[in-house]
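Structure, as structure tokens:
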There are 2 protein chains.
Amino acid sequence: MSDTDELLSIRAAELYYEENQTQDEIGVILRLTRWKVGRLLASAKANGFIRIEIVHPRARRLPIERRLRESTGLTDAIVVSSAGVSSDAELQSRTAQAAADYLTSLRPIPRTLGISWGRTLHDVSLHLKQGWAPGVNVVQINGGVSLNQRTGTAASTAVTIAHKADGSATLLPSPAIFERLETKQAMEADRTIAGVLALARNAQAYVFSAGQADANSALVDSGYLTVEQINELVAKGAVGDVVGRYIDKHGRIVDPELNERTVGIQIDQLRRAPLTIAVISGNTKHAIARAVVRNGLCTVLVTDEDTANALLQDKDTP
Amino acid sequence: MSDTDELLSIRAAELYYEENQTQDEIGVILRLTRWKVGRLLASAKANGFIRIEIVHPRARRLPIERRLRESTGLTDAIVVSSAGVSSDAELQSRTAQAAADYLTSLRPIPRTLGISWGRTLHDVSLHLKQGWAPGVNVVQINGGVSLNQRTGTAASTAVTIAHKADGSATLLPSPAIFERLETKQAMEADRTIAGVLALARNAQAYVFSAGQADANSALVDSGYLTVEQINELVAKGAVGDVVGRYIDKHGRIVDPELNERTVGIQIDQLRRAPLTIAVISGNTKHAIARAVVRNGLCTVLVTDEDTANALLQDKDTP
DNA sequence: CCCAGGTTTGCTCACATGAGCAATAATCCC
DNA sequence: GGGATTATTGCTCATGTGAGCAAACCTGGG
């Protein structure tokens, strides 16, 4: 398009979008026919000069969702808009809200829902509305009795989700990681624990988040791992953890020995399950989100616009 | 509007603006009549959830222009959009471009055009197109032979503008400020200089910028004033300078003695002129822009969105 | 219980708009 | 310079959309 037409298209867009003039009226002002005006407006749109944003905490980015589904084979992708967000915390809250919305709209309602724990899942639990899904049985899928002051976060997340569903919670009263393999095996041999794990393995749907592999991990906070141990894992290629298990970018367990001492369902369980919902948001989590999505660890991803764009980015340049 | 309607309006907006669905189609998806969808979209707009921006260097903000005209009594206001700008320099360049556009579209074409000098005016001169206004006589309205390396900027601005208009330039070969009043008076007594000043006083239109009163002023750069002198002026209430003369927020000359030693047309000349175009942009210039507009020193203001909003702001809280 | 007041809904109709197509203008290549 | 090719323009027609209005529906007070 010619240079002067580009300018005209901007003048037309100002009158159309800011002054709510009709294309005829604009035609009179700019001395053009109304068809020319229509074409100019179309070209302004096509050139990307017109940016339309939906500014609302609940706004989603449907075109990005579609592209994500197409390029990754996910069953579903929920991408929240980051328009107008100022902090990472706000973005994560929006994502949690979207996850809660998604869970609420799930049909058929899963009888048994396996969940992990962490800041994100806790956030999701808070955003769920009372009565969101009548009679769901919520099962913890990985250990999480906290070693420090954060006691009970894991349990309380499960209980809150179950309570709001007018359903029941089945807790996994176990540490996330044992120091000795024998202790872990003894624990798993216990009838109650074994029952919970069996229930977890047979859940109809899973909801989980993921942590990046760095010093801020919840597993460090909770005292299960030291910063040095994390650094070692990173050195071995770890990008983050899913249900307490560290994986590299190919979705492989980074440290089999550590993995053996970790209580909860295996990564492969997620791969086999028909409905696994990953809720991952924040600028530090692009790498782990990529690992989860690329390796089929989830069938549904709930995330933010920036993370989603990062995932789409490397589809173009493989 | 109810909470669930608000959410529906967002869902509808996503489908309408991002997925280009028709209101009928959205109605089918959300199980609503198409009229309800129309109303939801209208309410989303009314609530400000839909933000439409025109992202282009030449984009203007017509609604702000209108409000500026209405609240200040300006004949005309040109407000460039700051959507997508990263630096103050870019914003100033956009403003200069808009000023050039405005000058080009002036009808009737002024026979004599008085101009000041400075970074902004220089920028305007660069953005003008060859043949922008056939036969204009450009007159410098304030002194400006530079004392340091910036020699000739003032003259070159005038010459460039005149040259591009296929017209003539009348230069004012004089320092901006004299050290002694007598020297200035002697200068003005010179036939040539007097002639130029008379021409300047009788110009049909003026274009000028303004400087904020701080250490970055062009008058400091050029060596006419020291930082200490500026500080003194500020202490007396100066907010900036117009055609080399420092004024306070009431548009009054701050230092009459200094003013007497300054070469060029008087501030009152601008007040009396029928067409005076001020080009003022940048975050540091809000105060001087306010002084210029509030005190009738210009009939047309070319500025950026942020400065314009600052001007509108204090209209609401007088 | 019923009715007045206000609000929401469904609808008609007029206007605004985009798709598609023929007519015209511009451009290129020999 | 002239004919072929492409781009641009003006237009018809079908569809999309908002204004305005009447019917239905709450809602609270007698």
Side-chain angles (χ1 to χ4, degrees), chain A residues 1-56 58-63 65-66 81 101 105 129-131, chain B residues 1-56 58-63 65-67 101 105 129-131:
Chain A
M1 198 193 14
S2 85
D3 203 43
T4 111
D5 263 18
E6 179 169 321
L7 225 157
L8 273 177
S9 78
I10 297 301
R11 295 282 92 85
E14 288 160 1
L15 293 164
Y16 192 73
Y17 291 105
E18 303 212 304
E19 298 285 72
N20 298 313
Q21 305 249 29
T22 146
Q23 298 188 2
D24 291 21
E25 293 172 316
I26 297 171
V28 172
I29 293 169
L30 301 180
R31 293 160 208 291
L32 302 165
T33 63
R34 72 189 177 80
W35 297 287
K36 178 76 179 171
V37 174
R39 281 186 248 266
L40 286 172
L41 288 171
S43 80
K45 253 192 193 165
N47 284 316
F49 298 148
I50 313 300
R51 179 191 293 163
I52 302 185
E53 262 184 351
I54 303 171
V55 188
H56 192 280
R58 305 288 272 268
R60 284 162 48 186
R61 301 301 317 277
L62 304 188
E65 294 183 356
R66 183 154 30 78
S81 163
D101 289 347
S105 67
K129 280 234 181 69
Q130 191 61 44
Chain B
M1 198 190 16
S2 86
D3 203 44
T4 110
D5 263 18
E6 179 170 321
L7 226 160
L8 273 177
S9 78
I10 297 302
R11 296 282 91 86
E14 288 160 0
L15 294 164
Y16 192 73
Y17 291 106
E18 304 212 304
E19 298 286 74
N20 297 314
Q21 305 251 28
T22 143
Q23 298 188 3
D24 294 25
E25 293 171 317
I26 297 172
V28 172
I29 294 169
L30 301 180
R31 292 160 210 289
L32 302 166
T33 63
R34 72 190 177 82
W35 297 287
K36 178 75 179 172
V37 174
R39 281 188 248 265
L40 286 172
L41 288 172
S43 80
K45 254 192 193 164
N47 284 316
F49 298 147
I50 313 299
R51 180 191 293 161
I52 302 184
E53 260 184 352
I54 303 170
V55 188
H56 193 280
R58 306 286 273 267
R60 283 164 49 187
R61 301 300 319 276
L62 303 188
E65 294 183 356
R66 183 153 30 78
R67 284 194 285 149
D101 289 347
S105 68
K129 283 231 181 72
Q130 191 61 44

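Chain letters run A, B, ... following the sequence lines, proteins first and then strands; every chain starts at 1.
Note: CG (B:Leu41) to P (D:dG18) measures 7 Å, nearest angstrom. In this entry the distance linking CD of A:Gln21 with P of C:dC15 reads 18 Å, nearest Å. In this structure, the CG atom of A:Asp5 is 15 Å from the P atom of D:dA7, given to the nearest Å. Atom C1' of nucleotide C:dA16 and atom CG of A:Leu15 are separated by 16 Å, given to the nearest angstrom. Between the C1' atom of C:dA14 and the CG atom of A:Asp24 lies a distance of 14 Å, rounded to the nearest Å. For the pair B:Trp35 CH2 and C:dC13 C1', the interatomic distance rounds to 12 Å; values are reported in whole Å. Rounded to an integer number of Å, the gap from CG of B:Asn20 to P of D:dG16 is 13 Å. D:dT17 atom C1' lies 15 Å from atom CG of B:Leu40, rounded to whole Å.
Inter-residue side-chain proximity for A:Lys45 and A:Leu41 is flagged as unmet; no heavy-atom pair is nearer than 4.5 Å. For the pair A:Arg58/B:Glu6, no side-chain contact is recorded, criterion being any heavy-atom separation below 4.5 Å from C-beta on. Residues B:Leu40 and B:Ile26 fail the side-chain proximity criterion, which asks for heavy atoms closer than 4.5 Å. Put simply, the side chain of A:Arg11 reaches to within 4.5 Å of the side chain of B:Arg60, judged on heavy atoms.
For residues 23-42 of chain B, every residue pair satisfying the side-chain hydrogen bond (donor to acceptor under 3.5 Å, both in side chains) rule, not counting sequence neighbours, is listed here: B:Asp5-B:Lys36.
Taking 4.0 angstrom as the limit, B:Gln23 places a side-chain polar atom (N or O) nearer than this to OP1 or OP2 of D:dG18. Applying the 4.0 Å criterion to OP1 and OP2 of C:dT9, one finds that B:Thr33 has every side-chain N and O outside that range. For B:Tyr16 and D:dT17, the shortest distance from a side-chain N or O to OP1 or OP2 is below 4.0 Å.
In the set D:dT17, C:dT17, D:dG10, the nucleotide with an atom closest to the side chain of B:Thr22 is D:dT17. For B:Arg34, the listed nucleotide lying nearest its side chain is C:dT12; candidates were C:dT17, C:dT12, D:dT12.
Judged by distance alone with a 3.5 Å cut-off, a donor-acceptor contact links the side chain of A:Arg39 to the base of D:dG10.
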